[in-house]
Amino acid sequence: MAVRLDGRQLATALEERLKTTIAAGLEQAGRPPGLAVLRVGDDPASGVYVAHKEKACARVGITSQGAHLASGTPAAEVAAVIARLNADPSVDGILLQLPLPKGLEEGPLLGLIDPEKDADGLHTLNLGRLAKGENGPRSCTPAGVMALLREAGIPLAGARAVVVGRSLLVGQPMALMLQAADATVSIAHSRTRDLAELTRQADVLVVAAGRPLLIGAEHVKPGAVVVDVGIHRLPPDPAAGPGARGRLCGDVRYGEVEPFAAAITPVPGGVGPMTVTMLLVNTVVAWGRRHGLDNPLADLVP
Ligand code: NAP
């Protein structure tokens, strides 16, 4: 039976560290850290994610302010809100909730966020800083995965790591972070020829393909550590009647892999809660930097 890499438990512990860090710096800073969450349109999943993030801010003592624009808002108007938040001295972190509605391009708008306030770590400058090993806000999901692996004492130096997925949001920064921790990293994607042959070589397998239940027993070496980034809601069982909701699952067939893996993240309760926590970490670190405070959270910035 695999060790369960419990993201909820670690996120709760890290929230305590964040509270302590904020309390220690509050007097010198003269104000709490601030996160602005900018949402455009009415994607229902985004509404749930934004609510989670705002609640998490409230739990640790970060002031959050939301801006919600209608789905037809022109790019210039979104840009104007970003410019206002860049200039707002009470805002340390800005999050542009993705996906954006049709007609708005992510890249150019993310590029307008002040890189020092880039709470999601997705600005080109910050991806470049990660590649160069320089300090800066880190992409939240892969940073959360690194914190889970570190907490569980998973050795990475010299380990063979395979990342399934090459998105700028998850796969690519994940591979860079594992490489910076001295793992030997391969990246698989939709054109990879024999996925199972590659993933079976992994001591550490991180799956971020966005394909429900893609990875099963045939893809995993006994004793491997498996991190499942995917999150999906399956269609409800027709027998469950009207109004029933399908269960959540990841990219990994948990029941097949768990009996012989060394460690595995559950879905839900694995990577998801850590992503939210890393957003808070990026915001508190930015707040501390603006006010010349020591950074006791450096171990969380891979
Ligand atoms: P994405 O932008 O759609 O990227 C998916 C990647 O997987 C692409 O590189 C794609 O290859 C690759 N891929 C797709 N099918 C594949 C296959 N059959 N075999 C191998 N590779 C395959 O997705 P994303 O934004 O990285 O997110 C991935 C998943 O993580 C989604 O389920 C998302 O909901 C979830 N997610 C969860 C969290 C969290 O906090 N838990 C955060 C972010 C994302 P190509 O490049 O060749 O197309």
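Fair warning: this is a prediction, and the values are worked out from it, not measured in the lab. No hydrogens, no waters, no symmetry mates; every other heavy atom, side chains included, goes into these values. Atoms within each ligand, like the ligands themselves, are counted from 1 in listed order.
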Going by heavy atoms, is [X] under 4.0 Å from ligand 1?
X: A208; answer: yes
X: M274; answer: no
X: V229; answer: yes

So, [X] and [Y], do they make that salt bridge, N to O below 4.0 Å?
X: E218; Y: R253; result: yes
X: D92; Y: R290; result: yes
X: D294; Y: R289; result: no
X: R84; Y: E77; result: no
X: D237; Y: R247; result: no

Please identify which atoms of ligand 1 are closer than 4.0 Å to at least one heavy atom of [X].
X: H232; result: 32 (O)
X: T141; result: 40 (O), 42 (C), 43 (C)
X: V170; result: 26 (O), 43 (C), 44 (C)

Query raised in the report: Is any heavy atom of the protein nearer than 4.0 Å to atom 3 (O) of ligand 1?
Result: no
Query raised in the report: Under 4.0 angstrom from atom 43 (C) of ligand 1, is there any protein heavy atom?
Result: yes
Requested in this report: Tell me which one of P273, S190, P173 gets a heavy atom nearest to atom 47 (O) of ligand 1.
Outcome: S190
Report summary line: In terms of its nearest heavy atom to atom 5 (C) of ligand 1, the top option of A209, G270, G210, G165 is A209
Report task. Please check if L169 and M174 belong to a single hydrophobic cluster, counting links between Ile, Leu, Val, Met, Phe, Trp and Tyr side chain heavy atoms closer than 4.5 Å. Result -> yes
